[in-house]
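Start at 1 with the first residue, then count along the sequence.
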Amino acid sequence: MGCEGQSYNERRVLKFGTLNERIGKDSVKDFNACGLTLQIATDPVVTSEGVLFSKEAIFENLLKQKKSIQRQLTAWESQQSAEDAKADAQAVADKESALAAFHSQNHGAGKWETVDMGPVVNEEGGGANNSYATDFERIQNKEMKAFWLPSKTPDAKVVLAKPDTSTKCPVTGKKLRLKDLVDVKWTPAPKDSSCLSMCPSCKTCFYNATHIVVVKGTGDALCKECCAMVEKEGNFNGKVVRKRDLIQLQRGGVGYSASGTQVEAKRFSHLGAGSGLCDVRGQHAGPRSAFGLRY
C-alpha cells in the first residue's frame, strides 16, 4: 500500500512529502562576521548586496575563481581547435570524394587510378595512405556488426560549454568584481560597552538585530535612523550621498522569525521518514504505520 491509501493524518505521522524545519539563530553568522571564515572580519569589505567579507579571504576566493575560469577556458579553446581541425579534414575529404565522383562520371571507360592522387601504398608496405584506397575498408567497418571490437564501441562525447568569465560572490552567487567591494570602517565602542562597534552619529551600539547601512563614499557604518537623515541632507562628512551610495548590510542571526534572517531546511521523502517507533523489516521495507498498517 502506498501513501495514496492513507489519510492526511497518517501521512503526516509517517512524514510523507516535504519536511520543513526552521533553523535557529546559531546557523546564521553575526553581522560583523566574514561570509567565508565566519569569524569577525579583518579589514572588512562589503559587496553591493550587503555581504561582509574579510579582505584577504574574498581576494583569495576571487583569485581561485579566476584560475579555475582560466583552466576551463583553456580546455574549451582546445576543444574548439580540435573541432575546427576535424571540420577542415572533413572538408578536404569531401572535396576529394567529389573529385573522384566527377572523374568516375566523366571517364567511365578509363581507370580513375590514372589521376595523380599521390601514392596508394606506403613505401614501407604498411598499407594505404590515400583516402580513395581506404574507401572500401571504411565502408566495411561502418557496416560491420562486430560490436565486441573496440573500434565499434560507441563513445560518449564530452562537450564543454564556454565558461562564464565573470567571478561570483560566494554567498549570493551574483557577479562580483574587485572594484565592487567597499571598505567598511567600524566606529569602535567604548571599552566598558557590551558591543564592539557603534554608530558614529548617535553612538548607538550595533547588534545582530540592528539595521546597519554602509555609506559607499566614506565606508562609515551608520544605523538606519541616521542614514535616513544623511540621505535627506544628501551630504556626509563633506561628500555627496545619494540613495545608490547606501548599502544595506545583512543582519546577523536573531531568535525572532520576523527578522528575515532565519534559514529554513527542507527535505522531501517519497516513502516517508517514519515515526521511528517501529522496526524496519527487510532491506527495502518502509516504516510501519502508527495506525496498524504494514508495508
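- With 3.5 Å as the limit, one finds a donor-acceptor pair spanning the side chains of D94 and Q90.
- Atoms OG1 and CG, on T187 and L196 in that order, are 12.5 Å from each other to the nearest 0.5 Å.
- Under the 4.5 Å side-chain criterion, counting only non-hydrogen atoms from C-beta, S193 is in contact with C205.
- Tracing side-chain contacts under 4.5 Å through hydrophobic residues (I, L, V, M, F, W, Y), one reaches L62 starting from V171; they form part of the same cluster.
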N61 and L63: side chain to side chain contact (heavy atoms under 4.5 Å, CB included), yes or no, with the steps? CA-CA 5 Å; N61 182 271; L63 180 60; over 6 Å; no
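- Side-chain contact between K239 and N235: absent, with no pair of heavy atoms (C-beta onward) separated by less than 4.5 Å.
- Under the 3.5 Å distance criterion, with hydrogens and angles disregarded, a donor-acceptor pair is assigned to the side chains of Q72 and S68.
- Considering only heavy atoms from C-beta on, V184 stays 4.5 Å or farther from V182 through its side chain.
- Applying the salt bridge (charged side-chain N to carboxylate O under 4.0 Å, His left out) rule to pairs touching residues 162-187 yields E49-K174, K55-D183, D164-K168, R177-D180, sequence neighbours excluded.
- Taking the side chain as every heavy atom from C-beta outward, P170 and I58 approach each other to under 4.5 Å.
- Residues F53 and F59 share a single hydrophobic cluster, defined by chaining ILVMFWY side chains whose heavy atoms lie under 4.5 Å apart.
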Show me the donor-acceptor pairs, under 3.5 Å and distance only, between side chains in residues 30-40 and residues at least two apart or in other chains.
from	atom 1	to	atom 2	distance (Å)
D30	OD1	N208	ND2	3.1
T37	OG1	Q39	N	3.4

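- Within a 6.0 Å radius of CD in E231, other residues, nucleotides and ligands contribute more than 12 heavy atoms.
- Each of D245, L222, V46, V45 was evaluated against V214; a single residue qualifies, V46, per the side-chain contact (heavy atoms from CB on, under 4.5 Å) test.
- From I69, atom CD1 reaches atom CH2 of W76 across 14.0 Å, with rounding to the nearest 0.5 Å.
- The number of heavy-atom neighbours closer than 6.0 Å to CD of E60, taken from other residues, nucleotides and ligands shown, is 12 or below.
- Between C227 and F236, every side-chain heavy-atom pair lies at or beyond the 4.5 Å cut-off.
- Scanning all heavy atoms of the two residues, the minimum distance from R251 to H211 falls at NH1-CE1, 3.3 Å.
- With rounding to the nearest 0.5 angstrom, the CD1 atom of I212 is 4.5 Å from the CH2 atom of W186.
- One distance of note links CG of L176 with OG of S48; it measures 7.5 Å at 0.5 Å rounding.
- V213 and V230 fall within the same hydrophobic cluster, where Ile, Leu, Val, Met, Phe, Trp and Tyr residues are linked whenever their side-chain heavy atoms come under 4.5 Å apart, directly or through other members.
- You'll find the side chain of L246 reaches within 4.5 Å of the side chain of V215, heavy atoms only.
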Before you tell me yes or no, could you show the steps for S78 and S81 under side chain to side chain contact (heavy atoms under 4.5 Å, CB included), namely the whole-Å CA-CA distance, both residues' side-chain angles and the distance that decides it to 0.1 Å? CA-CA 5 Å; S78 299; S81 300; 5.7 Å; no
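- Two residues are said to be in side-chain contact when any heavy atoms from C-beta on lie closer than 4.5 Å; V51 and Q250 meet this criterion.
- Clustering ILVMFWY residues whenever any of their side-chain heavy atoms sit less than 4.5 angstrom apart, transitively, puts I247 in a cluster other than the one holding L178.
- Rounding to the nearest 0.5 angstrom, the gap separating the OG atom in S166 from the NZ atom in K66 is 9.5 Å.
- In this structure the side chain of F206 never reaches within 4.5 angstrom of the side chain of C195, judged on heavy atoms.
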